[in-house]
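Notes follow once the structure below has been shown.
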Amino acid sequence: MPEKPYDHNQIELKWRRKWEDADLYSAREDAGRPKYYVLEMLPYPSGELHIGHIRNYAIGDALARFQWMQGFNVLHPMGWDAFGLPAENAAIKNQRHPREWTLENIAKMKATHRRFAFSYDWDREVSTCEPEYYRWNQWFFLKMLERGLAYRKKALVNWCPQCATVLANEQVVDGCCWRHEGTPVEQRALEQWFLRITAYADELLEDIRGLEGGWPEKVLTMQRNWIGRSEGTEADFQVADTGQAIRVFTTRVDTIYGATCVILAPDHPLVGEIAGEEGRARAKAMVDARAGRDPGDLEKEGFFTGRYAVNPYSRESIPVWVGNFVLLEYGTGAIMAVPAHDDRDFEFCNKYGIAIRPVIRPVDGELGRDSEAAFCDYGIVENSGEFSGLPSAEAQRRMNEKAEREGFGRKAVTYRIKDWGISRQRYWGTPIPVIHCERCGIVPVPEDQLPVRLPLDVRITGQGRSPLAEVPGFVNAACPRCQSPARRETDTMDTFIDSSWYFYRYCDAHNDRAPFDSARIRYWFPIDQYIGGVEHAILHLIYSRFFTKMMRDIGLVSHDEPVKKLFTQGMVIREGVKMSKSKGNVIAADDVAARYGADTSRMFVLFAAPPEKDVDWTDEGVEGIYRFLSRVYRFVTRNAGVERGGSGESDRKVLRKLHQTIRKVTEDFESRWHFNTSIAAIMELVNELYAGEAGISDPVMREILKDLALLFAPFAPYLSQEIWEETGCGEEPVFRQRWPAYDPEIAREEEAEIVVQVNGRLRGRISMPFGSAREEVLDRALQDPRVQPFLSGKRVVKTIVIPDKLVNLVVQ
RNA sequence: GCCCGGGUGGCGAAACUGGCAGACGCACAGGACUUAAAAUCCUGUGGUGGGGAACCACCGUGUGGGUUCGAUUCCCACCCCGGGCACCA
């Protein structure tokens, strides 16, 4: 057959047509086969897939195809995180309905997906904005409401003026909105729905241990920090003349005899009562001054309330202050200040001339006297009544006992993580299924009335309150309990609810009686490999873990964790900077597919760096891959299906290289997924094939071409299939073939090349059969003409022989 | 400040368990083919010095020290870059 030029458009179009309706990747439960669930994070349908998406999917697709070829029953689904603000913003800007805009984007992106031939089972596709999906969000919400895991409270919440809605704590980054860098988040007091994720705080923390090894250590650390469990003591300080007590939380109760004042958060509920009207006003000013500021460069400020509180251990009266650095949301919203042993307290007390009293001495030192800095380590407790002389840990234990015995305190645990605020004053999300009735209060919508559908005729202005509140047909409803006129809840749910369980829905995407059938979940779960960006380390990935535990507790699933292994891939950058719309340096997947083809684009992002690192996109680099694929294609087309009469003299050599390549690629899949080295190995093989082409016999050529098709299958499915067909194997899908096995005997080099060093420096190399005896190797090394000059006149004092690898002669 | 990563040719990278540093690709240079160019194929390509040449020597993995027959790899100190956390009591 004559050599053909590589026409990626023609090849990719041809197979795309054949594959269009073939249902190639559909997954069925099959108890007789081991399953493998590989998942990439579902995208937001912004309208265009970019090259960063392609990288994510190319990694997952390579893995899915490889596992198929290993005989696994692979589940590889895809869907759309289709609710969210951009749709509403687009609606305001272009007068388009969010639904229309979203569905159009999904269609566009799905076309790109198909162009890239990712191996998804599209029959399981999930769009979170469809009532068939979001009704189950509502159903979960009702279940949580029943169990007290969903509740409503008035709270200070994060308000992004750009989004015109509330944000969860996880969605606030450096005091600003996670979607609007540079837009400080405001605090507003609103009635909000919360999910009690804190009920699972301990378990979420504890189960991290079971994820070790399967999840990146970095992500686990971030989650541990986010949960922020700390053990300590709560103690009540009675305030003179008020009948009130201030409860403080401390992790260092052993320092409590050194407490020289109590400090309330400015927004602490007792401030008014303790500090009076004037104090309340000063505190209010403090709260306002703090809002939206970076806590790092906020000077510590405070004022004395005029009242005193009694240290329950020492019975000493100490002043009560209000301080701007004390956080209401953490612990009890009040602290005892021990300036001698805490840097922050030291700074504060030093500024206001409050006493500094050391009560901890270093184990091997003296009690500090001068007041240069706080001593914050553990040590020996001094000047602390009955506890003097005890080491810190022991003192803490006994002090906790005393507090409980006498009832003024107790051992306590606090968490940094707070309950998940899920109310959003926006339109394009899941309606919260409750009704506000004047007589009955908050009444859940009965299950059989789900879904509460999002009305479509809505005016979206982006101003003020929830758009749904402006839709009378939606708002006005009969109370399910007493039938009297009532109002529907008009807030919608945080879209992170949608993504917290979508991967369960993939297992049973069309179920209209339940979110899914538990038996199907038992077959497919847990997710064997989840792949996505590290930016979701504490948002999506902690919510998902919470949802799984909740689902387990309502009897839907029987496992504790949804994801066995997590892989976080690097970004695709350009000229060293992150791609972003505002910089205009985004690379659209469709553009590169048109220019270079889907295969080239995929292979480039896999080749340019190992998958966990960032990849720099360069046109020259992409062209290099294109050249490589062309080179392969030309080789195949000029050698396939013809009697070439090759001499056979290079057979041994190329077969060896072939088996070495198969070994390398297989090992990369089984260990680190360093596909850059897999592809490099295939390039080496192709270079070797070019060099020995004329000397390859016909049967060996046939074998090589077939294996070449198989080696390309995980990375470049179109080219792989085309080679497969060229070699006469028909149109059967390559990825349904068995992954080739390598023969270690054939892969082995004929002779070992042994490096000879003298005093650790390379001086020569010798070739010897594998497994040659130590003495023989040493003998040859000593005889080597290139080594000899470095030995003459010297005495060999030591010899090191590493079999088949190296000889080192130590001379003096 | 604390906790993770990382620092290797002109560039992206490789070296997986302490054993040939720089595989593979990009870029560049030379050659073949061509009237010419592009494409393609072949060759070379860490630095310095020596030699007509095949070749030879020395230096070289952020910096300085250490362990070792041998260190990109292990240990100590430091510098730089990226990420996470940061009044969390």
Side-chain angles (χ1 to χ4, degrees), chain A residues 3 5 173-174 216-226 228-230 232-233 248-253 255 263 265 290 294-300 323-327 329-338 341-345 347-348 414-417 534-535 537-538 570 604 607-610 612-625 627-628 630-631 634 664 667-668 671-672 674 676-687 690-691 753-765 786 789 797-802 805-811:
Chain A
E3 177 181 307
V173 180
D174 293 332
E217 202 47 52
K218 175 188 165 122
V219 172
L220 298 181
T221 305
M222 284 166 75
Q223 292 210 355
R224 279 196 188 96
N225 290 341
W226 185 258
R229 183 190 147 99
S230 69
T233 306
V248 304
F249 173 77
T250 176
T251 54
R252 291 297 304 274
V253 70
T255 66
I263 310 176
R290 190 168 67 177
D294 177 8
D297 48 45
L298 196 68
E299 164 118 26
K300 285 187 180 46
N324 65 345
F325 68 103
V326 179
L327 306 173
E329 317 85 70
Y330 186 77
T332 58
I335 63 164
M336 61 173 195
V338 184
H341 303 296
D342 181 285
D343 291 326
R344 296 151 306 176
D345 299 348
E347 192 188 328
F348 185 81
T414 61
Y415 298 90
R416 208 186 88 110
I417 192 171
V534 73
E535 64 272 17
I538 49 176
F604 173 73
F607 175 69
E612 68 276 7
K613 281 187 70 172
D614 288 349
V615 156
D616 207 336
W617 178 273
T618 65
D619 288 344
E620 292 82 3
V622 182
E623 275 155 24
I625 294 291
R627 262 198 299 272
F628 168 58
S630 309
R631 205 166 138 83
R634 289 194 313 270
K664 174 68 186 153
E667 283 171 357
D668 278 337
S671 57
R672 308 184 296 168
H674 277 197
N676 54 331
T677 58
S678 310
I679 294 168
I682 300 174
M683 287 172 168
E684 283 187 61
L685 170 64
V686 172
N687 290 344
Y690 264 73
E753 198 184 11
I754 298 170
V755 168
V756 184
Q757 297 180 337
V758 178
N759 286 346
R761 310 188 65 118
L762 176 69
R763 295 304 179 191
R765 50 194 86 200
R786 304 204 327 156
V797 290
K798 191 172 177 182
T799 57
I800 291 108
V801 179
I802 309 292
K805 274 201 158 165
L806 172 140
V807 174
N808 190 8
L809 306 168
V810 185
V811 302

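Chain letters run A, B, ... following the sequence lines, proteins first and then strands; every chain starts at 1. Everything quoted here is computed from the prediction, not taken from an experiment. Worth knowing before you read on, the calculation uses all heavy atoms, side chains too, and leaves out hydrogens, waters and symmetry mates.
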Practice item. Measure the CD-CZ distance between A/Gln757 and A/Arg765 for me, rounded to the nearest 0.5 Å. Key: 10.5 Å
Practice item. Look at all strands and tell whether A/Arg763 reaches a base, only sugar-phosphate, or nothing, counting heavy atoms closer than 4.0 Å. Key: sugar-phosphate
Check your understanding: Taking side chain as C-beta onward, heavy atoms only, is A/Thr799 less than 4.5 Å from A/Val807?
Key -> no
Review point. Does B/rA57 have a Watson-Crick or wobble mate here (both distances under 3.5 Å), and if so which one?
Key: B/rU48
Review point. Can you tell me how far C1' in B/rG65 sits from the matching atom in B/rA29, rounded to whole Å?
Key: 42 Å
Review point. Looking across every strand, which nucleic acid part, if any, lies under 4.0 Å from A/Arg224 by heavy atom: base, sugar-phosphate, or nothing?
Key: nothing
Practice item. Respond yes when some side-chain nitrogen or oxygen of A/Arg786 is under 4.0 Å from OP1 or OP2 of B/rC56, and no when none is. Key: yes
**Study point:** Interatomic distance, A/Gln223 CD vs B/rC85 P [rounded to whole Å]
**Key:** 12 Å
Point to revise | Separation between the C1' atoms of B/rC75 and B/rC81, rounded to whole Å | key: 24 Å
Exercise for review: Kindly indicate, with the supporting measurements, whether the criterion side chain to side chain contact (heavy atoms under 4.5 Å, CB included) is fulfilled by A/Ile800 and A/Val810.
Suggested key: CA-CA 8 Å; A/Ile800 291 108; A/Val810 185; 4.1 Å; yes
Exercise for review: Would you classify A/Pro610 as touching base, sugar-phosphate or nothing, given that sugar-phosphate means primed atoms plus P, OP1 and OP2, and contacts are heavy atoms under 4.0 Å?
Suggested key: sugar-phosphate
Practice item. Let me have a per-nucleotide readout for nucleotides 17-33 of chain B, 5' to 3', with B, S or -, counting only protein heavy atoms under 4.0 Å. Key: --BB--BBSSS------
Practice item. Write down the distance separating the C1' atoms in B/rG22 and B/rG12, rounded off to the nearest Å. Key: 13 Å
Review point. Can you tell me how far C1' in B/rA71 sits from the matching atom in B/rC76, rounded to whole Å?
Key: 15 Å
Exercise for review: Can you tell me, in whole Å, how much space there is between the P of B/rU43 and that of B/rC24?
Suggested key: 11 Å
Exercise for review: Report which part of the nucleic acid A/Val326 touches: base, sugar-phosphate, or nothing (heavy-atom distance under 4.0 Å, all strands).
Suggested key: base
Check your understanding: Which nucleotide in the set B/rC16, B/rC59, B/rC69 lies at the smallest distance from any side-chain heavy atom of A/Lys798?
Key -> B/rC69
Practice item. Rounded off to whole Å, could you give me the CG-to-C1' distance for the A/Asn324 and B/rC87 pair? Key: 9 Å
**Study point:** Nearest-Å distance once atom C1' is located in both B/rG70 and B/rG19
**Key:** 7 Å
Check your understanding: How long is the span from the CD1 atom in A/Ile682 to the OG1 atom in A/Thr677, to the nearest 0.5 Å?
Key -> 10.0 Å
Study note, to complete from the structure: Taken to the nearest whole Å, CZ/A/Arg229 to P/B/rC85 is 22 Å
Practice item. Taking the side chain as every heavy atom from C-beta outward, state whether A/Lys218 and A/Val534 have any pair of such atoms under 4.5 Å apart. Key: yes
Practice item. Could you check which of B/rA89, B/rC16, B/rC87 has an atom nearest any side-chain atom of A/Lys300? Key: B/rC87
Check your understanding: For B/rA14, which nucleotide in any strand shown is its Watson-Crick or wobble partner with both distances under 3.5 Å?
Key -> none
Check your understanding: Should B/rC2 form a Watson-Crick or G-U wobble pair with both distances under 3.5 Å, which nucleotide is its partner?
Key -> B/rG84
Review point. Expressed as a whole number of Å, how far does the C1' atom of B/rG18 sit from that of B/rU68?
Key: 9 Å
Check your understanding: So what's B/rA29 paired with, Watson-Crick or G-U wobble, going by both distances under 3.5 Å?
Key -> B/rU43
Exercise for review: Would you kindly give the CD-to-C1' distance between A/Glu667 and B/rA15, to the nearest whole Å?
Suggested key: 15 Å
**Study point:** N/O (side chain, A/Arg634) to phosphate O (OP1/OP2, B/rC41) under 4.0 Å
**Key:** yes
Check your understanding: Say you pick atom P in B/rC59 and the same atom in B/rC2; how far apart are they, in whole Å?
Key -> 38 Å
Check your understanding: Heavy atoms, side chains only, cut-off 4.5 Å: are A/Phe607 and A/Met683 in contact?
Key -> yes
Check your understanding: Contact class for A/Thr799 vs. all strands (heavy atom < 4.0 Å): base, sugar-phosphate, or nothing?
Key -> nothing
Exercise for review: Look at the side-chain N and O atoms of A/Lys613 and state whether any lies under 4.0 Å from the OP1 or OP2 oxygen of B/rG6.
Suggested key: no
Point to revise | Watson-Crick or G-U wobble mate for B/rC74, both contacts under 3.5 Å | key: B/rG66
Revision key, fill the gap. B/rG7 glycosidic conformation (syn if within 90° of 0, otherwise anti) is anti
Practice item. Could you go through the side chain to side chain contact (heavy atoms under 4.5 Å, CB included) check for A/Arg786 and A/Val756 one step at a time? Key: CA-CA 9 Å; A/Arg786 304 204 327 156; A/Val756 184; over 6 Å; no
Review point. Does the side chain of A/Ile335 reach to within under 4.5 Å of the side chain of A/Phe325, using non-hydrogen atoms?
Key: yes
Exercise for review: Determine the interplanar angle of the A/Trp617 and A/Phe604 rings, folded into 0 to 90°, and report it as parallel if under 30°, tilted if 30 to 60°, perpendicular if over 60°.
Suggested key: perpendicular
Practice item. Give the rounded distance in Å between these two atoms: CH2 of A/Trp226 and P of B/rG83. Key: 19 Å
Revision key, fill the gap. Of A/Glu329 and A/Val810, the one whose nearest nucleotide on RNA chain B sits closer to the 5' end is A/Val810
Study note, to complete from the structure: When rounded to whole Å, the CG to P distance for the pair A/Asp342 and B/rG1 reads 18 Å
Exercise for review: Choose from B/rC59, B/rA13, B/rA89 the nucleotide whose nearest atom is closest to any side-chain atom of A/Ala609.
Suggested key: B/rA13
Point to revise | A/Arg224 with A/Glu217: basic N within carboxylate O range, under 4.0 Å | key: yes
